[in-house]
Amino acid sequence: MKKRAAGIVVLVGIGLLSGATAQPTGTDWKDWGGTGARMNYSSLNQITAANVADLKPVWVWDSGKFGRTWQTRPLMIDGLLYFTESQSGDIIAMQPESGKLVWRTKPPVTVGAGVNRRALAYWAGDGAMKPRIVAIWGHVMYGFDLKTGHPSSDWPETGLDIGLPNPAEGGKIGGGVQSNAPPIIYKNLIITMGATGFLPPPAQPADPHANDLRTGKLVWTARIIPGANEAGGDSWGPETQNVVSMGGWGHMALDEASGTVYVPTDSPSPDYVGIWRPGDNAGSSSTVAVDAATGKVKWRFQEHRHGIYDLDTNAAPSPLTVTKDGKRVKVVVQPTKQAMIWILDAATGKPVHPWEERPVAQSQIPGEKSSPTQPFTILPPPLIPATVKRAELSQLSPQANEECKALFDERKLSDVGPFSVPVGGGAWALNSIGAIGGMDWGGVSIDPQNGIAFATVTNMPTMITVTPTSSGVKGNGGLHSNVGNVRFHDKGGRSCNGGKQGELVAVNLGTGQIAWRVPLGSLESEYGSGAKDMGAAAIAPTLATRGGVVFAAPSDDHFYAHDARTGRQLWKMRMPASSDAGPMTYMGKDGRQYVVIAADGQGNARRPSPRENSVYRQTLIAFALPKPGEKAVDITGLYPARTQGPGPWPPQ
């Protein structure tokens with residue numbers, strides 16, 4: 001094994017970064033992650049580790065709808081909460097102290113109106129043009145007045161198209177925008193990207209790009225795949241420069257001080273067969289630093305090469321300054337599905353802690369040229385082993401263990417390690433990490449004062465097949481994966497892999513050491529005493545506060561608070577449903593700190609049955625420290641889930 005002190009990184013016109021990253025002032029929450037840096041952190045400290053056990057629900061907003069996922073995270077701006085309603089797509093403003101409706105606006109479109117939007121966006125205006133809420137449907141953005149919800153009169157009624165031209169369609173704008181992911185707002189620019197696939201032409205480009213918020217005009221496009229004269233410029237084979245490039249479906253992050261946007265990029269297409277794209281496929285599964293004003297790429301760091309695993313980099317790469325070896329260092333923190341946290345020098349993209357190359361399994365599919373090694377962090381160490389062994393399957397209960405062994409045998413699976421590969425021929429194979437990680441799009445929350453990141457870690461392998469197709473990508477051997485990702489789970493929808501189901505882990509970013517790790521949640525009510533301390537899967541973001549509390553919501557229908565210093569569980573609350581949205585916090589006009597979270601269902605953290613798509617009541621719940629004599633509101637009895645029948649078995 002070869003140890004390294006620098007990363008798989010391409011430097012392009014490096015400029016030193018300076019200045020501190022903006023942090024939430026506490027009163028408001030103006031971006032999906034608090035600020036554009038997307039640290040999922042608040043400086044509020046009315047709720048502390050000493051009093052969080054007293055936290056009570058104080059209001060509920062009920063959509064009246066049923067589903068399994070509603071990933072909304074409200075914004076708090078100048079005294080009002082803003083969010084998108086589940087399924088209808090209505091934009092809603094409400095009083096943050098009471099949950100009372102202030103205004104509701106219908107989507108200006110019919111097709112795709114109910115997009116599962118993770119958050120709206122906010123533009124403060126430019127002086128001449130007023131501040132507004134910004135929402136995207138398809139590749140068109142619309143503005144709404146903060147106080148009335150009326151469409152912004154200085155934008156066209158039909159919105160402003162911020163998509164990218166498609167050369168295959170004669171330059172017609174055809175997409176390239178991931179409308180459910182919150183954009184980056186930088187001065188008078190809106191920065192978006194899409195996940196249309198790294199593909200040979202013809203295909204729709206979806207690279208990160210900036211449009212003028214005043215006119216909609218395209219200002220710049222940052223091609224993620226390196227140019228011909230850059231390192232990696234031939235890493236997609238002889239036709240590298242013709243490959244259609246994109247960004248991804250995850251969350252970008254912004255360092256306002258340096259004017260840099262950090263981009264997590266998708267894995268190459270198709271997910272499990274890359275015959276058509278020999279090489280490392282530079283730019284994919286990467287963190288890319290881009291000048292937010294010009295679109296110039298500063299550097300690229302690739303978290304894994306020649307992706308045939310669906311391990312896209314999708315969590316926000318948050319910038320902050322940490323203390324390392326007695327010196328203050330500006331870094332970018334990139335969580336990955338591989339359950340590795342890469343801590344990169346913000347100026348160069350090189351890891352600040354040691355890492356190494358390790359040999360990994362090689363694809364046996366004819367024509368596939370998989371990478372002989374993959375990068376692994378040494379500090380921080382990978383947060384899950386990423387192995388599956390028949391002798392070490394689920395310990396939740398004897399029944400779960402038997403179900404998992406039977407599934408392992410029926411599908412003729414084999415023991416695997418990290419970066420496990422498809423086997424081809426239509427046979428089932430295990431992806432040891434799985435499509436949700438590790439760590440998924442929720443990423444980490446970060447306490448910038450103490451330089452600690454808090455990660456939810458999930459242990460859910462998937463099963464895949466690769467089969468012949470007549471409609472696959474040209475040059476890909478006539479192969480594709482026809483089943484996508486089928487979770488390797490028991491009849492209850494929980495992971496068949498041994499070890500913990502879900503954990504909350506704290507990492508010291510300055511040293512790379514794990515500060516603590518604890519089970520997150522509990523499955524004892526489902527499986528009995530054997531599930532004690534096994535935790536439950538979670539993919540939504542956590543919330544860290546200056547009060548020394550970390551809030552998290554795994555897939556066990558509870559909401560938790562942990563001590564940021566020790567990991568000790570301080571509080572839990574039974575919810576009408578789990579959350580795959582993540583909490584946010586703000587200070588109301590009444591001087592009270594509120595924590596708000598959507599209770600909506602387990603989303604992709606658990607998929608026991610397709611029937612669950614309409615099981616859980618979609619509600620938004622606010623918590624606060626109670627006033628004297630104030631009674632907690634009922635959040636469970638009034639919002640029961642529907643009965644759910646069993647799912648298909650074996651998993652499809």
- Message: Cation-pi check for Trp441 against Arg118: NZ or CZ below 6.0 Å from the six-membered ring centre and within 45 degrees of the axis, yes or no?
- Response: yes
- Side-chain donor-acceptor pair present, Gln178, Thr192, cut-off under 3.5 Å: no
- Query: Do Asp154 and Arg132 meet the salt-bridge criterion of a basic N to acidic O distance under 4.0 Å?
  - Reply: yes
- Message: I want to check a possible cation-pi pair here: Arg642 against Phe66, using under 6.0 Å from ring centre and within 45° of the ring axis as the test.
- Response: yes
- Can the ring centres of Tyr142 and Trp137 be said to be less than 6.0 Å apart? yes
- Item | Ion pair check, Arg104 and Glu85, cut-off under 4.0 Å | yes
- Message: Can you tell me how far apart CG (Asn604) and OG (Ser555) are? Round to the nearest 0.5 Å.
- Response: 11.0 Å
- Message: Would Ser152 and Lys130 count as a side chain to side chain donor-acceptor pair (under 3.5 Å) here? Give the steps.
- Response: CA-CA 8 Å; Ser152 298; Lys130 293 169 60 177; over 6 Å; no
- Item | CA sep, side-chain torsions, deciding dist, call: Ser258, Asp255, side chain to side chain donor-acceptor pair (under 3.5 Å) | CA-CA 6 Å; Ser258 68; Asp255 182 356; 3.1 Å; yes
- Message: If you take the centroid of each ring, where Trp contributes its six-membered ring, are Phe198 and Trp236 closer together than 6.0 Å?
- Response: yes
- Message: Would you say that Asp207 contacts Met193 through its side chain, given a criterion of any heavy-atom pair below 4.5 Å between the two side chains?
- Response: no
- Below 4.0 angstrom, N of the basic side chain to O of the carboxylate: do Arg38 and Asp31 qualify? yes
- Step by step, would you call Glu303 with Thr287 a side chain to side chain donor-acceptor pair (under 3.5 Å)? CA-CA 8 Å; Glu303 281 84 32; Thr287 307; 2.8 Å; yes
- Do Trp70 and Tyr616 have ring centres separated by under 6.0 Å? no
- Task: Might you point out which heavy atoms bring Leu320 and Pro448 nearest each other, and give the distance in Å?
- Result: CD1-CA, 3.9 Å
- Note: Asp212-Lys217 ion pair, threshold 4.0 Å (strictly below): no
- Task: Under the side chain to side chain donor-acceptor pair (under 3.5 Å) rule, what do Asp145 and Trp103 come out as? Steps first, then yes or no, please.
- Result: CA-CA 11 Å; Asp145 185 88; Trp103 55 256; over 6 Å; no
- Message: Would you say that Ile621 contacts Met575 through its side chain, given a criterion of any heavy-atom pair below 4.5 Å between the two side chains?
- Response: yes
- Message: Between Asp312 and Lys337, does the salt bridge (Lys or Arg N to Asp or Glu O under 4.0 Å) criterion hold? Intermediate values first, please.
- Response: CA-CA 7 Å; Asp312 36 288; Lys337 283 187 178 182; 3.1 Å; yes
